[in-house]
Amino acid sequence: MPARPRFIQDLKRTHSCGVLTAADIGKTVVLFGWVQNRRDHGGCVFIDLRDREGLTQVVFEPETDAEAHQLAGTLRLEYVVAVRGEVRSRGSQVNPRLPTGEIEVRATQLEVFNRAETPPFPIEDRIDTAEEKRLAHRYLDLRRAPLQKVLVIRHRMNQAARTYLSGRGFLELETPFLIRSTPGGARNFLVPSRQNPGKFYGLAESPQLFKQLYMVAGFDRYFQIVKCFRDEDLRGDRQPEFTQIDLEMSFIAEPDVFAIVEGLMAELFRVAKGKEISAPFPRLTYDEAMARYGVDKPDTRFGLPLCEVTDLVRAAGSGLPLLPQAVEQGGVVKLLCLPGGGGLSRTELDGLEGVAKSFGARGLARAKIGAGGEWTQSPLAKGASPEFRAAVGERARAGEGDVLLFQFGKPKIVNGVLGQLRTLLAKRLGLIPEGRDDLLWVVDFPLFEYSDEANAYVASHHPFTAPRPEDVAHLLSEPGRVKARAYDLVLNGNEIGGGSIRIHDSAVQAQVFRALGISDEEARAKFGFLLDALRFGAPPHGGIALGMDRLVMLLAGGESLRDVIPFPKTQRGTDLMTGAPGEVGHAQLDELHVAAVPVAGAAKDTG
RNA sequence: GGGGUGUUAGUUAAGUUGGUUAUAACGCCGGCCUGUCACGCCGGAGGCCACGGGUUCGAGUCCCGUACACCCCGCCA
């Protein structure tokens with residue numbers, strides 16, 4: 001009796017588990033995969049075999065092959081097996097929910113490559129297992145089709161970006177991760193240098209300076225799909241290491257960057273969603289965005305604009321409680337008009353005050369407009385004259401039954417609170433149209449922002465961002481009014497990219513450092529290499545970086561970045577699978593010339 | 001750094017006013033079953049109620065603290 005052919009050595013995989021159809025009936029096939037499900041009828045045994053492409057039903061019958069049938073009885077979920085058999089019609093018993101539902105494979109040979117312990121959670125499309133448990137066994141979570149689908153889309157987006165940019169003269173060039181720790185901006189992860197006692201590398205928070213140096217070196221167009229590292233507190237849309245599509249171009253201005261990115265976004269939408277988007281994208285100035293939406297990344301898919309009434313309050317005078325005082329102190333008064341009160345109950349509206357406070361508000365004055373234009377349920381009702389109410393109503397286009405939500409005080413707080421309320425209410429009231437995608441550019445950011453904490457101006461983008469030429473004269477005299485040649489790309493209220501035209505003139509760069517309160521010596525010490533580079537013939541240049549993870553999340557679907565990053569960290573930056581970050585021994589620390597300081601109140605030293 | 005929610009079997013959840021042996025479903029194990037695809041039927045095992053204190057005759061339940069996860073504010077040039 002001749003030896004049976006062996007799987008892998010003699011019998012190669014002929015098909016994946018997602019492709020067989022009625023057209024394949026009669027073929028002998030070899031499938032490899034995992035046992036998704038088994039239905040054992042004693043006589044015949046059904047197995048759903050799974051690989052990354054899909055599911056195929058395999059049937060084992062004693063009369064077809066007794067040995068395979070007997071072995072099939074021992075199969076359990078997630079066993080890794082090989083099957084050889086004949087593709088057969090299911091006759092009238094098709095499964096319309098499966099792409100391969102017209103056929104099944106009648107097995108003539110079965111081998112178990114590996115058995116599996118019972119998984120800690122089911123390997124199914126829809127599970128409600130705690131994320132904590134899924135992250136601890138991420139390799140099992142990644143077996144599930146929804147995650148595999150996202151990573152396939154992510155692959156396509158990476159491919160599309162490379163193809164698109166390469167086709168337009170961009171070179172994919174690498175930059176170091178281990179760099180000099182840069183002050184300001186995001187906190188760097190530090191890496192102690194064994195060879196240089198007492199010194200540290202910083203992990204690059206972006207390739208910013210190096211891509212500029214590529215421009216100085218004459219590479220003209222650079223791109224990279226690159227990891228960035230930032231040691232800041234995390235959110236659902238922020239991870240300590242994340243990926244950017246980073247690009248930089250020489251001899252260009254803003255419209256050139258916009259055109260390239262608009263084309264790139266069109267490609268990404270195409271491969272991720274099969275959707276065509278229209279370009280150019282609308283442009284909104286930073287000031288317009290703040291005035292109308294309260295944020296610099298407005299979601300324009302719905303209305304609910306903010307409405308400023310500072311001037312009306314000033315004109316109305318002192319009859320009103322609180323408001324005029326806020327205006328006198330240089331504050332602003334803005335409001336959000338909820339048509340028909342948004343259909344919210346009084347209790348729900350009351351609850352908004354707590355929400356507003358969580359966003360930094362001191363309170364949330366509101367007013368419901370009555371039939372005669374009077375204000376009710378409002379602390380402002382008493383002091384507001386009919387004229388004031390009418391003027392406010394007209395400006396806010398408000399009428400009977402509408403509810404006005406007021407904020408007054410410092411613009412930053414007022415805008416922040418109302419801006420966040422606006423998006424929250426839109427979600428809660430279902431105002432966001434399904435399937436709509438709004439892409440837009442926000443431009444003319446301020447070059448500097450005043451930091452109360454630092455008691456000084458700080459760069460709002462980064463210190464290498466070019467000021468608008470007409471503002472250069474004000475750099476030192478009125479830094480607050482200088483606009484930057486910076487731009488953000490916004491998708492549905494999410495910042496998905498940001499960039500700028502850079503400073504290519506060392507004299508301007510020196511002035512910016514001075515405006516930021518960075519002394520020549522300090523600038524020399526920290527960015528000497530860049531200042532030098534700018535003096536040796538730097539071309540005009542600029543670029544942008546797109547947040548790849550966030551893009552995948554928004555285009556492929558996902559609640560958080562953890563759904564689109566294969567091996568993500570928790571909110572505290574830990575990896576529940578590997579246990580990173582972990583403790584290291586004294587010997588390792590000694591070698592690095594580093595000593596760990598025990599945390600106050602910590603349990604004990606396990607060294 | 002601050003606010004909020006949660007933690008009960010492998011998984012998801014229930015657990016009343018603090019009171020007998022902590023329930024259910026799915027999964028798991030054993031048996032039966034030749035057309036299932038959420039297969040079905042019979043039987044069984046499985047618990048440090050996150051951890052540490054406290055209140056009480058008695059705590060899964062009440063109080064305090066800790067840990068972990070998630071959401072939000074601050075932070076993210």
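Every chain is numbered from 1, with letters handed out A, B, ... down the list of sequences. No experiment lies behind these values; they were computed from the predicted model shown.
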Per the under-4.0 Å heavy-atom filter, residues of residues 56-66 of chain A near RNA chain B come out as A:Q57, A:E61, A:P62, A:E63
Contact string for nucleotides 4-13 of chain B, one letter per nucleotide 5' to 3', B = base within protein heavy-atom range under 4.0 Å, S = sugar-phosphate only, - = neither, reads ------SSS-
- Do you see a donor-acceptor pair shorter than 3.5 Å between the side chains of A:S206 and A:Q244? no
Of the listed B:C76, B:C71, B:A69, the closest approach to the A:R562 side chain comes from B:C71
Contact check, residues 224-246 of chain A vs RNA chain B, heavy-atom distance under 4.0 Å, returns A:R230, A:E232, A:D233, A:R235, A:G236, A:R238
Open item on the list: Within the 3.5 Å criterion, strictly below it, is a donor on A:D444 or A:Y487 matched to an acceptor on the partner's side chain?
Closed with: no
Quick note, side chain to side chain donor-acceptor pair (under 3.5 Å) partners involving residues 34-43 of chain A, not counting sequence neighbours, are A:Q36-A:R50, A:R39-A:D48, A:R39-A:Q57
Atom CD of A:E102 and atom C1' of B:C37 are separated, to the nearest Å, by 15 Å
Task: Under 4.0 angstrom between A:N37 side-chain N/O and B:C39 OP1 or OP2 - done: yes
- Task: Look at A:R572 and B:C68 and indicate whether a side-chain polar atom (N or O) is within less than 4.0 Å of OP1 or OP2.
- Result: yes
Atom CD of A:Q36 and atom C1' of B:U36 are separated, to the nearest Å, by 15 Å
Q: Please state whether the phosphate of B:C28, meaning OP1 or OP2, lies under 4.0 angstrom from any side-chain nitrogen or oxygen of A:T118.
A: no
Under 4.0 Å between a Lys/Arg side-chain N and an Asp/Glu carboxylate O for A:D532 and A:R524?
-> yes
I'd like to check, for A:H41, whether its ring lies over the base of B:U36 with centroids under 5.5 Å apart and a plane angle smaller than 30°. no
- Would you say the side-chain atoms of A:S181 and A:N188 include a donor-acceptor pair closer than 3.5 Å? yes
Residues in residues 347-365 of chain A with a heavy atom under 4.0 Å of RNA chain B, by number, are A:S358, A:F359
Taken in chain and number order and not counting sequence neighbours, the residues that satisfy side chain to side chain donor-acceptor pair (under 3.5 Å) with A:T108 are none
Separation of B:G27 atom P from A:L140 atom CG, nearest Å, is 18 Å
A:E104 CD to B:C37 P, in whole Å, measures 14 Å
From CD of A:E117 across to C1' of B:G27 the rounded distance in Å is 15 Å
